[in-house]
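Below you'll find the structure, written out as structure tokens, and then a few comments.
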Amino acid sequence: MDAAKEARRGSDKAREKAVPPPSASNVPAFSRDEDLHAYREMLLIRRFEEKAGQLYGMGLIGGFCHLYIGQEAVVVGVQMASKDGDQVITGYRDHGHMLACGMEPKGVMAELTGRRGGYSRGKGGSMHMFSREKNFYGGHGIVGAQVSLGTGIGFANKYRGDGAVSLTYMGDGAANQGQVYESFNMAQLWKLPVVYVIENNRYAMGTSVSRASAQTDFSKRGVSFGIPGEQVDGMDVRAVREAARRAIAHARDGEGPYILEMQTYRYRGHSMSDPAKYRTKDEVARMREESDPIEQVRKRLLGPHKVPEDEIKAVDAKVREIVNESADFATSDPEPDPSELWTDILLEPSR
């Protein structure tokens, strides 16, 4: 019994060490406009996800619902470093990626509630949305499946010679999948323009990385293939953008794939049905207090940038208005007609 308690204490200490540190002070500064942009984009994701959580609790969203609250700086920072034409593909914690790609909140929320105005016409739900217009190649429910697909997107980019880069996201849990390493091998062998973004929120589905991964430095997962990588403070949007710039330039210049381990943190459970009892409330509270990505930007806006508080409040109000409108639309839009069961099954050949 004593040995078991000691093992649990050791595991708890390992989890404490696994929490990402506060933002480094040596990252390039953002201009006033850049910080305002990052603040608005991250706040939109935060408020959207909070509203999605409310609708799920009301029974208006069914199935699984994985929220991105706490991780907003990752996708916003990467998108700030990308160019038009670059593609995004991710797993099932995907609402934030859609919004960062420019997809309409109304369409995303309507898909969550299974309405015909959703991006997949109400047939895909939380984990299956796509937008060819915005180069978003989907959230995917099978763990790690998007990595091989994202590698294929990179292959298509190289085949066409269009200069686009595939931004392929995965979580720390997915990083242990075999298909991930098959993809790494092919991507480096063929020098494919892919940036693998590992969003390490420390707990995968509910197990600390220190208990599930022999190598907890995910930036080194490509070493045996010769793929460079780096760890990034994924709670600081400035650090994310700077690292993403380097990685994307590496891939776009024909040097092959790059791995970015974003050390981030989700405030909610793995999904809405997860009570997250595998970590302490104090740990979550400390991360919110010390490293919240949105609060970091807000402090810079009020401090060094001297943005009037009224201007920031106006951004907050506009974001809430957008989210409320999306929720109203998603709860009033009709459900898809039963005939939709027979559509989007086969791709008609072009003539």
Side-chain angles (χ1 to χ4, degrees), residues 41-76 88-101 103-131 136-146 169-174 199 201-207 264-279 284 288 293-294 319-320 322-333 335-336:
E41 293 294 298
M42 290 193 292
L43 191 65
L44 175 62
I45 295 172
R46 176 75 57 91
R47 297 291 178 252
F48 183 96
E49 294 290 65
E50 289 170 349
K51 180 62 71 174
Q54 291 175 10
L55 296 182
Y56 186 93
M58 295 165 63
L60 294 168
I61 295 175
F64 290 98
C65 186
H66 306 82
L67 303 182
Y68 200 61
I69 297 174
Q71 300 182 210
E72 298 91 349
V74 176
V75 71
V76 170
V88 172
I89 188 169
T90 187
Y92 41 74
R93 198 178 307 280
D94 54 2
H95 314 153
H97 301 74
M98 299 175 200
L99 297 175
C101 287
M103 293 169 66
E104 288 294 328
K106 284 183 179 180
V108 178
M109 194 71 84
E111 189 60 41
L112 297 184
T113 57
R115 307 305 173 102
R116 66 176 62 173
Y119 270 97
S120 295
R121 294 203 283 275
K123 300 186 292 183
S126 176
M127 297 189 284
H128 304 97
M129 274 181 262
F130 306 83
S131 174
F136 181 75
Y137 282 74
H140 294 264
I142 299 175
V143 176
Q146 74 278 11
Y169 292 79
M170 74 191 91
D172 50 287
E199 299 193 72
N201 62 28
R202 303 299 177 177
Y203 289 99
M205 248 186 102
T207 303
T264 186
Y265 198 83
R266 55 172 166 80
Y267 297 161
R268 302 289 185 92
H270 171 68
S271 69
M272 286 295 296
S273 60
D274 173 21
K277 293 183 178 179
Y278 40 81
R279 59 185 183 183
V284 180
R288 278 185 175 270
I294 298 175
V319 165
R320 288 187 184 276
I322 293 170
V323 170
N324 288 335
E325 286 179 355
S326 71
D328 291 342
F329 176 74
T331 53
S332 60
D333 191 47
E335 293 184 354

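Numbering starts at 1 and runs along the sequence shown. Values below: all heavy atoms of this structure, side chains included; hydrogens, waters and symmetry mates excluded.
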(request) Verify, without hydrogens or angle tests, whether R116 (side chain) and E335 (backbone) share a donor-acceptor contact under 3.5 angstrom. (result) yes

(request) Please say whether more than 12 non-hydrogen atoms of neighbouring residues, nucleotides or ligands are located less than 6.0 Å from CZ in F130. (result) yes

(request) Measure the CE-NE2 distance between M170 and H140 for me, rounded to the nearest 0.5 Å. (result) 13.0 Å

(message) Does V75 form a side-chain contact (heavy atoms from CB on, under 4.5 Å) with T90? I'd like the steps, not just the answer.
(response) CA-CA 10 Å; V75 71; T90 187; over 6 Å; no

(request) Could you tell me whether a side-chain N or O of N324 sits under 3.5 Å from a main-chain N or O of R320, the two making a donor and an acceptor? (result) yes

(request) Verify whether the ring centers belonging to Y119 and H128 lie closer than 6.0 Å. (result) no

(request) Drop me the distance from Y137's OH to Q146's CD, to the nearest 0.5 angstrom. (result) 15.5 Å

(request) Spell out, as yes or no, whether a donor-acceptor pair under 3.5 Å connects the side chain of R115 to the backbone of D333. (result) yes

(request) Kindly compute the distance separating OH (Y267) from CZ (R46), expressed to the nearest 0.5 Å. (result) 5.5 Å

(request) For A276 and G269, work out which heavy atoms get closest and say how close. (result) CB-CA, 4.0 Å

(message) Closer than 3.5 angstrom, by distance alone: can the side chain of E111 be matched with the main-chain N or O of G122 as a donor-acceptor pair?
(response) yes

(request) Please name the pair of heavy atoms, one in P293 and one in G70, separated by the smallest distance, quoted to 0.1 Å. (result) CG-O, 3.7 Å

(message) So, taking the atom named CD in E72 and the one named CD in E49, what distance separates them when rounded to the nearest 0.5 Å?
(response) 8.0 Å

(request) Compare every heavy atom of M42 with every heavy atom of I294, then report the nearest pair and how far apart it is. (result) CD1-O, 3.6 Å

(request) Any chance you could lay out the side-chain contact (heavy atoms from CB on, under 4.5 Å) test for R266 and L67, step after step, and finish with the verdict? (result) CA-CA 8 Å; R266 55 172 166 80; L67 303 182; over 6 Å; no

(request) Determine yes or no for a side-chain-to-main-chain donor-acceptor pair under 3.5 angstrom, with E325 supplying the side chain and K106 the backbone. (result) no

(request) Please lay out, stage by stage, how L60 and Q54 fare under the test side-chain contact (heavy atoms from CB on, under 4.5 Å). (result) CA-CA 9 Å; L60 294 168; Q54 291 175 10; over 6 Å; no

(request) State, to 0.1 Å, how close I322 and P105 come at their nearest heavy-atom pair, and which atoms those are. (result) CG2-CG, 3.8 Å

(request) Output yes when a side-chain donor or acceptor of N201 lies under 3.5 Å from a complementary backbone atom of T264, and no otherwise. (result) no

(request) Determine, step by step, whether F48 and L112 satisfy the side-chain contact (heavy atoms from CB on, under 4.5 Å) criterion, reporting the C-alpha distance in whole Å, the side-chain angles of both residues, the deciding distance to 0.1 Å, and the verdict. (result) CA-CA 11 Å; F48 183 96; L112 297 184; 4.0 Å; yes

(message) Measuring centre to centre across the rings, with the benzene-like ring taken for any Trp, is H66 within less than 6.0 Å of Y92?
(response) yes

(message) Closer than 3.5 angstrom, by distance alone: can the side chain of R93 be matched with the main-chain N or O of H270 as a donor-acceptor pair?
(response) yes

(message) With heavy-atom distances below 4.5 Å as the criterion, would you say the side chains of E50 and I69 are in contact?
(response) yes

(message) Between Y68 and E199, is there a side-chain donor-acceptor contact under 3.5 Å, judged purely by atom types and distance?
(response) yes

(request) For S326 and V323, work out which heavy atoms get closest and say how close. (result) OG-O, 2.6 Å

(message) How close do H97 and Y169 get, counting heavy atoms only, and between which atoms?
(response) NE2-CD2, 3.5 Å

(message) I want to check something: taking the side chain as every heavy atom from C-beta on, are M109 and L55 in contact at a cut-off of under 4.5 Å?
(response) yes

(request) Return yes if some donor-acceptor pair links the side-chain N/O of S126 with the main-chain N/O of C65 below 3.5 Å, else return no. (result) no

